[in-house]
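In what follows, chains are A, B, ... by sequence order, proteins preceding strands, each numbered from 1. What you are looking at is a predicted structure, and each value in this text was computed from that prediction instead of being measured. Heavy atoms only: backbone and side chains are in, while hydrogens, waters and symmetry mates are out.
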2 protein chains.
Amino acid sequence: MTTAFAQPQNRAKTIPPPALRTSYNALKSHAKLWSTASEISELLNLPIAIQRQTDQVVFQHVHFKSGQRIHSLNQEFVNIYLVNSGFIKSIFLDEFGNEQVCHFQMKGDLLGIDGMHTGRHMSEAVALSDCDVIVIPLLKLKVCSCTFEHFERAILHIFSRQLVAQQNRLNILASKNAEARVSIFLQSLAQRFHLLGYSQTSFNLRMTRHEMGSYLGLTLETVSRTLSLLNDAGIISVQLRRIVILDAEGLKELTLTHRDIQRCMVKV
Amino acid sequence: MTTAFAQPQNRAKTIPPPALRTSYNALKSHAKLWSTASEISELLNLPIAIQRQTDQVVFQHVHFKSGQRIHSLNQEFVNIYLVNSGFIKSIFLDEFGNEQVCHFQMKGDLLGIDGMHTGRHMSEAVALSDCDVIVIPLLKLKVCSCTFEHFERAILHIFSRQLVAQQNRLNILASKNAEARVSIFLQSLAQRFHLLGYSQTSFNLRMTRHEMGSYLGLTLETVSRTLSLLNDAGIISVQLRRIVILDAEGLKELTLTHRDIQRCMVKV
DNA sequence: CGGCCAATTGAGTAGCTTCAAACTTCGTGG
DNA sequence: CCACGAAGTTTGAAGCTACTCAATTGGCCG
């Protein structure tokens with residue numbers, strides 16, 4: 001039985017901001033405290049499994065309340081975090097402390113790998129709902145190298161996956177208009193909810209218009225306007241954070257910019 | 001003595017497009033054919049060195065002429081590539097075959113890691129000048145696991161570094177205007193040339209305005225106009241692809257958008 | 001020289017941002 | 001319980017940035 005790694009200090013250290021988000025703790029019931037490497041592998045949806053012989057090692061789960069920080073800027077890199085339930089944003093702070101949303105993580109997504117290279121986290125992660133997070137003490141794992149080796153290989157795949165995903169986002173920011181960006185975002189959310197077994201046509205956004213805008217490279221007003229537009233067009237129904245996708249096909253069509261269509265015509 | 005991995009078929013297979021770029025083969029003279037893992041580690045500028053005992057393994061260098069493909073879309077993922085000399089663009093092709101430039105690679109940069117996750121390359125890499133590229137057959141390395149293990153650890157760091165770099169680009173595309181984007185781009189190029197021992201104030205661009213625009217999320221006209229603007233302001237001198245940075249401080253100041261300054265003021 | 005491609009420059013416009021105001025929701029404290 | 005304030009959202013009007021379309025110039029190569 002290999003040792004387990006306690007990480008309780010993180011939980012209480014960061015005080016949540018006064019604003020308490022709309023909590024949605026549907027998942028809070030099946031609270032687990034420990035996960036094996038196999039379970040983690042499954043959660044990560046990896047092509048190669050982290051091998052079973054490492055299942056003596058178990059990883060601690062930590063709960064975060066809405067608004068709490070999972071890790072913060074310049075914090076020493078010790079752990080990576082795997083979301084088991086809840087919704088998290090990771091943000092990048094520029095020279096002036098303006099936040100730029102990097103990603104929204106949910107079940108099965110990994111956090112905090114940005115700290116590996118420099119040894120310090122380059123970003124912050126903040127819970128947008130109550131969360132259950134598996135703490136993987138990557139550096140300490142080096143000690144029992146048999147486990148680490150498998151983990152490294154797994155993480156390599158995840159990195160590759162994330163790099164491709166980032167690439168995709170770059171392309172979107174570089175070439176799509178507001179309508180396309182928002183509809184791609186909604187579709188992506190819908191798909192992610194679907195994969196987790198939730199409705200893909202009806203869901204609650206967990207982020208503000210501002211956070212959405214930051215993620216999509218738009219202002220909050222443009223996001224709001226675009227949502228209203230899709231609403232008026234009958235493609236979706238928007239009621240504050242409640243989204244219902246009424247016309248999935250129509251939404252898909254919007255991902256093509258005027259520009260895309262023209263370029264397509266030229267080729268044909 | 002472990003085996004070395006030949007990879008000659010790549011060289012001749014892809015025919016270069018008719019347009020032959022302005023070649024600038026200053027580095028062509030010290031043509032090497034093989035590199036050890038230590039040499040590679042140094043080239044990659046890694047915090048942890050790939051260990052010396054792996055130096056029995058050597059890696060083949062392959063030459064590419066300007067316009068040739070290093071790897072192409074959907075090609076099976078076998079190798080990753082480390083640039084030893086020359087200038088390369090990696091591009092992403094969208095649904096219509098429009099290219100979106102992901103990155104410009106030069107000495108010490110890695111190519112092709114995007115293929116790891118799916119087993120096929122998600123992007124293409126095209127030489128913008130004559131290049132010398134070290135071929136690292138990542139998958140075959142798994143056989144002699146002692147080497148692979150060290151490599152994996154090294155590559156993990158590189159991935160982390162690249163993810164942070166991508167994050168940065170995302171922030172730029174999401175929040176900076178044309179002026180800021182172009183000046184950040186020029187500064188980044190200047191610094192990279194500097195690190196390689198070249199002049200950081202005077203260099204040749206190896207890419208077209210279109211490619212620059214694609215990378216920066218701008219049209220070629222906007223790039224051209226912005227360069228002319230910086231030229232007229234006396235901050236740089238532009239003569240087609242020849243760039244001279246006249247006022248590095250002035251260039252740095254341009255990286256702050258009107259928007260940034262306002263937000264900064266509000267905070268103070 | 002002519003053809004081709006890259007780059008520059010201009011004019012007009014679409015789309016997003018900015019600024020501003022009104023409204024809703026939610027939590028807090030009287 | 002209601003009033004209040006803070007934060008989030010919506011919507012309008014005006015302005016500006018970057019895009020589109022178009023014409024021209026300059027290099028390069030056959």
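- If you measure from atom CG of A:Leu205 to atom C1' of D:dG8, you get 13 Å, rounded to the nearest angstrom.
- In this structure, B:Glu211 and B:Leu128 approach most closely via the heavy-atom pair OE2-CD2, 4.0 Å.
- In this structure, OG on B:Ser237 lies 13.0 Å from CG on B:Asp247, to the nearest 0.5 angstrom.
- For the pair A:Val223 and A:Met212, the tightest heavy-atom approach, listed with the atom from each and the gap, is CG1-CE, 3.8 Å.
- To the nearest angstrom, C1' of D:dT9 lies 14 Å from NE2 of A:His210.
- In this structure, the CD atom of A:Gln239 is 19 Å from the P atom of D:dG8, given to the nearest Å.
- Between the CG atom of A:Leu227 and the C1' atom of D:dT10 there is a distance of 11 Å, given to the nearest Å.
- Here the P atom of nucleotide C:dT9 and the CG atom of B:Asn231 are 9 Å apart, to the nearest Å.
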Q: Encode nucleotides 13-26 of chain D as B, S and - characters from 5' to 3', where the letter depends on protein heavy atoms closer than 4.0 Å: B to the base, S only to sugar-phosphate, - to neither.
A: B----SSBB-----
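- Atom-to-atom, CG of B:Asn204 to P of C:dA7 comes out at 12 Å; the value is rounded to the nearest Å.
- Atom-to-atom, CE of A:Met212 to C1' of D:dT9 comes out at 12 Å; the value is rounded to the nearest Å.
- For the pair B:Ser224 and C:dT9, the criterion of a side-chain N or O lying under 4.0 Å from OP1 or OP2 is not met.
- For B:Tyr215 and B:Phe104, the ring centers are positioned less than 6.0 Å apart.
- The CG-P distance, from B:Asp260 to C:dT17, rounds to 14 Å in whole Å.
- Screening residues 216-257 of chain B for ring-ring contact (aromatic ring centres under 6.0 Å, His included), with sequence neighbours left out, gives no hits.
- Of the candidates B:Ile70, B:Asn74, B:Leu73, B:Asp114, B:Asp114 is the only one forming a side-chain contact (heavy atoms from CB on, under 4.5 Å) with B:His121.
- Closest approach to the A:Thr208 side chain among C:dT8, D:dT9, C:dA7 is made by D:dT9 (side chain taken as heavy atoms from C-beta onward).
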